[in-house]
Protein chains: 2
Amino acid sequence: MADDRRNPTIHDVARAAGVSIGTVSKALNGTGSLAQSTRDRVMTTVRALNFRPNLLAKSLHTGLSGSVGLISNDSFGRFTMPIMEGLERVLSEDGIGVFMANATDDPERELAHLEQLLAKQIDGLVVTSRRADRRPSIEIQGLPIPVIYVFSQGGEDALSFLPDDEGGARLATEHLIQQGRTRIAHITGPDNFEAVRLREIGWRAALTQANLPPGPVLHGPWSEAWGREAMARLLTHPPDAIFCGNDQIARGVADTIREAGLKCPEDIALVGFDNWDVMVTACRPPLTSVDMNLTALGAEAGRQLAAMIKGAKPTGTHRLPCTLIHREST
Amino acid sequence: MADDRRNPTIHDVARAAGVSIGTVSKALNGTGSLAQSTRDRVMTTVRALNFRPNLLAKSLHTGLSGSVGLISNDSFGRFTMPIMEGLERVLSEDGIGVFMANATDDPERELAHLEQLLAKQIDGLVVTSRRADRRPSIEIQGLPIPVIYVFSQGGEDALSFLPDDEGGARLATEHLIQQGRTRIAHITGPDNFEAVRLREIGWRAALTQANLPPGPVLHGPWSEAWGREAMARLLTHPPDAIFCGNDQIARGVADTIREAGLKCPEDIALVGFDNWDVMVTACRPPLTSVDMNLTALGAEAGRQLAAMIKGAKPTGTHRLPCTLIHREST
DNA sequence: CTGGGTTGGGAAAACGTTTTCCTAAGGTCC
DNA sequence: GGACCTTAGGAAAACGTTTTCCCAACCCAG
């Protein structure tokens with residue numbers, strides 16, 4: 001009644017309910033030993049005043065702020081989004097908030113963000129990178145809080161979560177083999193990406209296992225234009241299937257196939273990587289693609305981070321399985 | 001020295017520097033009246049202990065947490081990301097952290113998130129929606145903190161930031177007119193989107209101003225497939241220019257133009273909307289498009305929110321200008 | 001009745017800051 | 001050399017919680 005400007009505090013509730021603040025706290029948290037009637041009276045007052053405990057004050061006491069930081073290096077790009085979504089969903093169930101910070105590969109900004117986050121007493125940190133190989137900042141070593149690397153690799157005894165690029169590539173290639181394809185090419189991105197190398201390994205492994213010779217491998221930029229160009233190069237001796245390093249390349253390939261008068265999938269079957277909806281559905285024909293399950297990756301990271309905050313100390317690099325999504329291009 | 005597990009507190013600094021905690025606080029904040037030598041001694045100790053003030057404790061005192069919430073309704077989709085980026089960049093300069101919350105149009109989740117954020121004592125809230133018209137939740141009325149709607153419309157005396165769809169459409173259409181086009185069609189999205197209606201208005205206004213008759217308007221889904229289909233319908237009497245409601249539609253249109261043996265831009269000039277890099281660069285030819293400057297929109301929202309936290313009370317719906325990005329399709 | 005065990009609830013310390021006094025020491029002026 | 005200002009820095013309250021005692025009151029048995 002006094003101030004309707006200020007949020008009600010536990011003191012207001014105590015006064016209104018005619019008890020001490022300790023009693024209110026016990027009623028709120030279900031601790032201590034209180035008569036049921038007292039609990040009820042307090043809770044009624046709580047609702048009447050629309051009281052919401054100040055988590056900051058609680059944090060001061062418990063030493064846990066109930067928030068974590070996410071430092072992204074790709075300006076919240078296409079890959080960070082689903083990760084964030086999974087992470088946030090899982091953590092919010094535990095009442096943990098996620099501070100988003102974008103460092104854009106600028107070590108100075110990264111450090112500034114880290115300082116701010118630490119000052120805000122975050123309980124944990126998630127670091128995501130973009131896809132090219134890059135060492136994580138040195139600064140991040142020896143932090144007083146748990147750190148998880150998602151879609152990026154931490155150091156020695158760090159905990160990292162990544163998609164199983166090799167397994168995904170194998171999945172795609174095996175799928176093509178099952179459909180009776182025997183001359184399977186691979187058109188992919190720049191080979192300074194670790195993911196590119198891993199996917200190539202997976203593709204090769206599946207072929208070897210099926211006693212098939214590897215088709216040609218073409219490296220180039222991650223673009224549709226490169227897909228078109230690479231496919232044009234293959235037109236003199238066209239393969240009967242192509243596994244592409246991502247969906248954009250695959251879509252470029254599909255365009256060249258169609259414009260060369262060939263049929264996909266009849267003449268050439270095609271599999272992409274990323275399962276990026278806007279690409280796979282707009283592709284003609286709709287593209288079979290490998291889904292990295294990034295939302296699940298983020299969710300798993302969230303679960304692990306929550307566990308680490310409670311004291312667990314998992315380490316190692318974990319690669320989560322990819323899934324093949326079958327569409328008309330195969 | 002005592003606990004190397006626990007973060008050092010202001011008490012540790014005070015003890016090490018041989019002063020009181022009040023003095024440390026004054027040295028840290030440059031307040032009070034202290035001898036320069038004392039200030040220096042304290043600051044040296046601060047650095048030696050790697051002391052970082054606990055912002056939570058400070059917040060308890062100041063009543064400001066230095067964090068705001070962002071509730072998104074599109075699972076951190078394509079439009080939310082640049083907004084977030086701009087918002088976060090501006091606010092982080094003021095030391096304000098951004099909690100990300102994804103509600104995905106589920107009012108129950110939205111309410112739960114709001115409760116969590118309020119419990120964490122956020123100083124302000126940003127609400128973004130996806131693009132179809134939707135009333136903001138009722139729950140958000142009468143909050144004790146400033147609220148800004150970005151890429152979505154708040155109520156009566158709320159503060160909202162939106163791109164100037166009408167102006168952007170006018171920009172695009174005027175550009176086509178300047179290039180001597182006279183029969184300008186409009187292929188766009190579902191007309192239950194306010195943005196679709198506004199863009200159509202802008203297109204029509206530019207034509208009227210130039211004394212040109214409006215070409216046909218075709219409404220359909222936001223997809224390349226619709227762009228292809230719509231363009232096919234126009235092939236009997238092709239216009240000499242098309243302004244599309246988004247880049248995906250434009251790209252579909254470009255494909256049909258090319259496949260019909262016509263030339264873009266020679267026979268038909270083409271402008272898209274969104275300036276979505278992956279679409280405009282992969283399009284053949286690269287697509288002229290209207291950029292909504294969402295990063296700037298987010299940044300402006302950040303500036304305003306920071307001002308509101310300091311007491312400003314701006315209201316109204318603000319539409320920020322779009323920019324035309326010229327490429328080879330015109 | 002008295003004494004011991006329960007039980008309900010209050011008082012107060014603690015968390016890590018900021019800020020408002022307040023006091024002691026030193027300097028200045030006559 | 002005393003009265004008065006400065007000035008430097010300390011003590012303590014305050015922010016809103018949780019939690020650890022601790023004390024009253026009640027119950028029941030002897």
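It should be emphasised that the depicted structure is a prediction, and the values quoted were computed from it without experimental measurement. We name chains A, B, ... by the order of the sequence lines, and we start the count at 1 in each one.
Shown here for B:Val150 and B:Ile148, the closest heavy-atom pair between the two residues is CG2-CG2, 3.7 Å. Here the closest non-hydrogen pair linking A:Met292 and A:Pro163 is SD-CG, 3.7 Å. A pairwise comparison of heavy atoms in B:Thr128 and B:Ser72 identifies OG1-CA, 3.5 Å as the closest pair. For B:Phe51 against B:Thr9, the heavy-atom pair with the smallest separation is CE1-C, 3.4 Å. Minimum interatomic distance between A:Ser67 and A:Ile96 (heavy atoms only, all atoms of both residues): CA-CG2, 4.0 Å.
For B:Ser33 and D:dT7, the shortest distance from a side-chain N or O to OP1 or OP2 is not below 4.0 Å. Remark: B:Thr9 is not in phosphate contact with C:dC15, judged by side-chain N or O atoms under 4.0 Å from OP1 or OP2. Look at B:Asn54 and you won't find any side-chain N or O under 4.0 angstrom from OP1 or OP2 of C:dC15. In this model, the phosphate group of D:dG10 is approached by a side-chain N or O of B:Ser20 to a distance below 4.0 Å at OP1 or OP2.
Protein atom CG of A:Leu28 is 7 Å distant from nucleotide atom P of D:dT18, rounded to whole Å. Regarding B:Leu56, its CG atom lies at a distance of 14 Å from the P atom of D:dT18, rounded to whole Å. Summarising the geometry, the separation between CZ on A:Arg52 and P on D:dT17 is reported as 11 Å, rounded to the nearest angstrom. Rounded to whole Å, the distance from CD1 on A:Ile10 to P on D:dT18 is 5 Å. Rounded to whole Å, the distance from NZ on A:Lys120 to P on C:dG16 is 19 Å. Distance CG (B:Asp40) to P (D:dG9): 11 Å, rounded to an integer number of Å. The distance from atom CZ of B:Arg15 to atom P of C:dG16 is 11 Å, rounded to the nearest whole Å. If you take CG of A:Asn7 and C1' of D:dC15, they are 13 Å apart, rounded to a whole angstrom.
Distances were taken from every side-chain heavy atom of B:Pro53 (C-beta onward) to each of C:dT17, D:dA8, C:dG9; the shortest belongs to C:dT17. With C:dG16, D:dT17, D:dA8 as the candidates, the nucleotide lying closest to the side chain of A:Leu60 is C:dG16.
Looking at heavy-atom distances under 4.0 Å, B:Ser25 makes contact with a base. Within 4.0 Å (heavy atoms only), A:Thr62 reaches no atom of the nucleic acid at all. If you check every strand for non-hydrogen atoms under 4.0 Å, B:Ser59 touches nothing. When heavy atoms are screened at a 4.0 angstrom cut-off, A:Ile21 is found touching base atoms of the nucleic acid.
Side-chain atoms of B:His61 and base atoms of C:dT18 include a donor and an acceptor less than 3.5 Å apart.
B:Thr45 OG1 to B:Leu49 CG: the interatomic distance, rounded to the nearest 0.5 Å, is 6.5 Å.
With the nearest nucleotide of DNA chain C identified for both B:Ala57 and B:Thr23, B:Ala57 has the one nearer the 5' end.
For B:Phe99 and A:Phe99, the gap between ring centers is short of 6.0 Å.
Under the 3.5 Å distance criterion, the side-chain polar atoms of B:Arg52 are left unmatched by any main-chain donor or acceptor of A:Glu115. A side-chain donor-acceptor contact under 3.5 Å links A:Asp123 to the backbone of A:Ser65.
For DNA chain C, if you chain together Watson-Crick or G-U pairs that step i with j, i+1 with j-1 and so on, the runs of at least three with distances under 3.5 Å are C:1-30 with D:1-30.
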Could you list the protein-to-nucleotides 20-23 of chain D atom pairs, N/O on both sides, closer than 3.5 Å?
none

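Inspection of the B:Asp157 and B:Thr315 side chains reveals no N or O donor paired with an N or O acceptor under 3.5 Å.
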